[in-house]
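Inspection log for the structure reproduced underneath, given as structure tokens.
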There are 2 protein chains.
Amino acid sequence: MLKKPKTKPEMLYAGIQMTRPLLRTISNRVEADLEGTDLTVGQRAVLEAALALEQATAPQLTDFLQLKRQFVAKVLKELLDKEQVEQMSNPRHKRSVFYCLTPSGKALIKKVRKAEMKRIEEFAKVFSEEEVETYYRMQCVLNDALSKRS
Amino acid sequence: MLKKPKTKPEMLYAGIQMTRPLLRTISNRVEADLEGTDLTVGQRAVLEAALALEQATAPQLTDFLQLKRQFVAKVLKELLDKEQVEQMSNPRHKRSVFYCLTPSGKALIKKVRKAEMKRIEEFAKVFSEEEVETYYRMQCVLNDALSKRS
DNA sequence: CCTATATTGTCAATAAAATTGACAAATACT
DNA sequence: AGTATTTGTCAATTTTATTGACAATATAGG
């Protein structure tokens with residue numbers, strides 16, 4: 001972080017290390033956008049997942065978010081109370097129902113995304129398409145590789 | 001995460017979003033390397049900063065880590081108790097002393113880094129030098145830009 | 001069909017990381 | 001010198017997430 005690492009592995013190491021402070025700065029920013037929405041970060045993550053998956057059981061959301069099922073369940077319950085997600089019966093499973101965004105939940109997460117997208121666009125300008133593409137791909141590969149057993 | 005985003009800003013957005021799960025998977029991995037060292041993640045971060053800065057006051061470490069001074073102070077006290085950092089008088093400031101790694105602290109953080117570097121080298125192989133360079137640079141720029149006011 | 005095993009839901013306790021508040025001591029500024 | 005800022009310290013709290021435990025349901029093998 002102070003001086004630029006010399007070798008390729010060192011640079012990757014430093015980049016990964018930076019994930020922690022970066023997450024903190026991102027979270028701080030995100031909070032501003034969450035201000036007034038009455039959403040926690042966990043709720044926001046689950047809404048994000050529900051938007052991406054459209055229709056998913058709790059275990060599917062758990063896989064997607066790579067969190068513990070108990071945590072996801074707790075957040076889902078909060079979102080049900082707020083009527084931002086709703087349950088739909090699952091023909092294949094009596095207990096494990098589907099969760100979907102309600103219209104208001106969908107509107108909410110889209111609003112939050114839109115506000116953030118506006119900010120992100122500022123930064124996107126700074127980088128080339130290839131750079132962003134590389135960044136995205138590396139995040140995916142790292143996340144995939146690290147989350148699987150080695 | 002599910003389907004590849006279409007536009008550049010969307011891809012950057014998705015990549016940044018991925019920071020959270022990625023940090024979680026990294027933390028899980030890191031814990032394995034911390035196993036047996038009796039270090040918390042916070043302690044490890046401060047050791048890492050102390051190694052990079054060589055000699056620094058608590059406020060300097062706070063700036064470097066972008067954490068609250070009270071948190072850094074707490075961790076520093078833990079590390080002092082464990083004799084992994086030591087204080088040195090600061091001629092310019094009576095209260096705000098310098099913190100340095102003790103030999104054992106230095107050995108410890110270097111050992112942890114070495115173990116992780118070994119793993120990282122595996123991943124570094126997967127990417128080209130340019131990709132890693134881009135990743136690193138973007139992490140730096142994003143962190144810088146986001147941590148400053150906008 | 002029946003039993004063993006795995007999955008899922010639910011409730012509770014706990015932990016880790018970090019923030020916030022409050023106040024005193026030291027320093028910097030003018 | 002006097003005021004504002006920085007720094008250290010102690011305590012409480014918050015947020016995020018994990019872990020443990022147990023019951024209900026599903027799945028797979030015999």
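As the structure is a prediction and not an experimental result, all values here were calculated from the model. Below, all heavy atoms of this structure are taken into account, side chains as well, without hydrogens, waters or symmetry copies. Each chain gets a letter, A, B and so on, in the order the sequences are listed, and its residues count up from 1.
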Open item on the list: Check the phosphate of dT7(D) against T57(B), side-chain N and O only, distance under 4.0 Å to OP1 or OP2. Yes or no?
Closed with: no
Task: Nearest-Å distance for atom pair CG/C1', residues N90(A) and dT7(C) - done: 13 Å
Open item on the list: Regarding R24(A), tell me which of base, sugar-phosphate or nothing describes its non-hydrogen contacts under 4.0 Å with the strands shown.
Closed with: sugar-phosphate
Open item on the list: Taking E121(B) first and then K118(B), would you say they form a salt bridge - that is, a charged N and a carboxylate O separated by under 4.0 Å?
Closed with: no
- [ ] To the nearest Å, give me how far apart NZ (K74(B)) and P (dT13(D)) are.
- [x] 16 Å
Can you name the atoms? Protein N/O to nucleotides 3-6 of chain D N/O, anything below 3.5 Å, with the distance.
none

Task: Protein-nucleotide distance (D63(A), atom CG; dT7(C), atom C1'), rounded to Å - done: 12 Å
- [ ] Round to the nearest Å and state the distance from F98(A) atom CZ to dT8(C) atom C1'.
- [x] 14 Å
- [ ] Answer yes when R137(B) and E133(B) have at least one side-chain N-carboxylate O distance shorter than 4.0 Å, and no when they do not.
- [x] yes
- [ ] Using whole Å, report how far CZ of R69(A) lies from P of dT18(D).
- [x] 13 Å
Task: Phosphate OP1/OP2 of dA26(D) contacted by S96(A) side-chain N/O (<4.0 Å) - done: no
TODO: Would you give the length of the straight line joining atom CD of E10(B) to atom OH of Y136(A), rounded to the nearest 0.5 angstrom?
DONE: 10.5 Å
Open item on the list: Between P on dA18(C) and CZ on R44(B), what's the gap in Å once rounded to a whole number?
Closed with: 13 Å
Open item on the list: Atom NZ of residue position K106(B) - does it have more than 12 heavy atoms of other residues, nucleotides or ligands inside 6.0 Å?
Closed with: no
TODO: State the CG-CD1 distance between L22(B) and I16(A), to the nearest 0.5 angstrom.
DONE: 7.0 Å
Open item on the list: I need the CG-C1' distance between L39(B) and dA16(C), as an integer number of Å.
Closed with: 14 Å
Open item on the list: I need the CD-P distance between E78(B) and dA18(C), as an integer number of Å.
Closed with: 12 Å
Open item on the list: From C-beta outward on K94(B), which listed nucleotide comes closest to its side chain: dT27(C), dA17(C), dG8(D)?
Closed with: dT27(C)
Open item on the list: The side chain of V41(B) is closest to which nucleotide in this list: dA17(C), dG20(D), dT9(D)?
Closed with: dA17(C)
- [ ] Specify the residue among V97(B) and L67(A) whose closest nucleotide of DNA chain D lies further upstream toward the 5′ end.
- [x] V97(B)
- [ ] Output yes when at least one side-chain N/O atom of K68(B) is less than 4.0 Å from OP1 or OP2 of dA17(C), else no.
- [x] no
- [ ] Report the nucleotide, chosen from dT19(D), dG8(D), dA18(C), that has the shortest atom-to-atom distance to any side-chain atom of A58(B).
- [x] dG8(D)
Open item on the list: Both F71(A) and R92(A) contact DNA chain D. Taking the nearest nucleotide for each, which residue is further toward the 5' end?
Closed with: F71(A)
Task: Heavy-atom closest contact (M11(A) atom, V132(B) atom, distance) - done: CB-CG1, 3.8 Å
- [ ] Determine whether more than 12 heavy atoms belonging to other residues, nucleotides or ligands lie under 6.0 Å from atom CD of E83(A).
- [x] no
Open item on the list: Taking R44(B) first and then E48(B), would you say they form a salt bridge - that is, a charged N and a carboxylate O separated by under 4.0 Å?
Closed with: yes
Open item on the list: Between K77(A) and dC11(C), is there a contact of a side-chain N or O with OP1 or OP2 at under 4.0 Å?
Closed with: yes
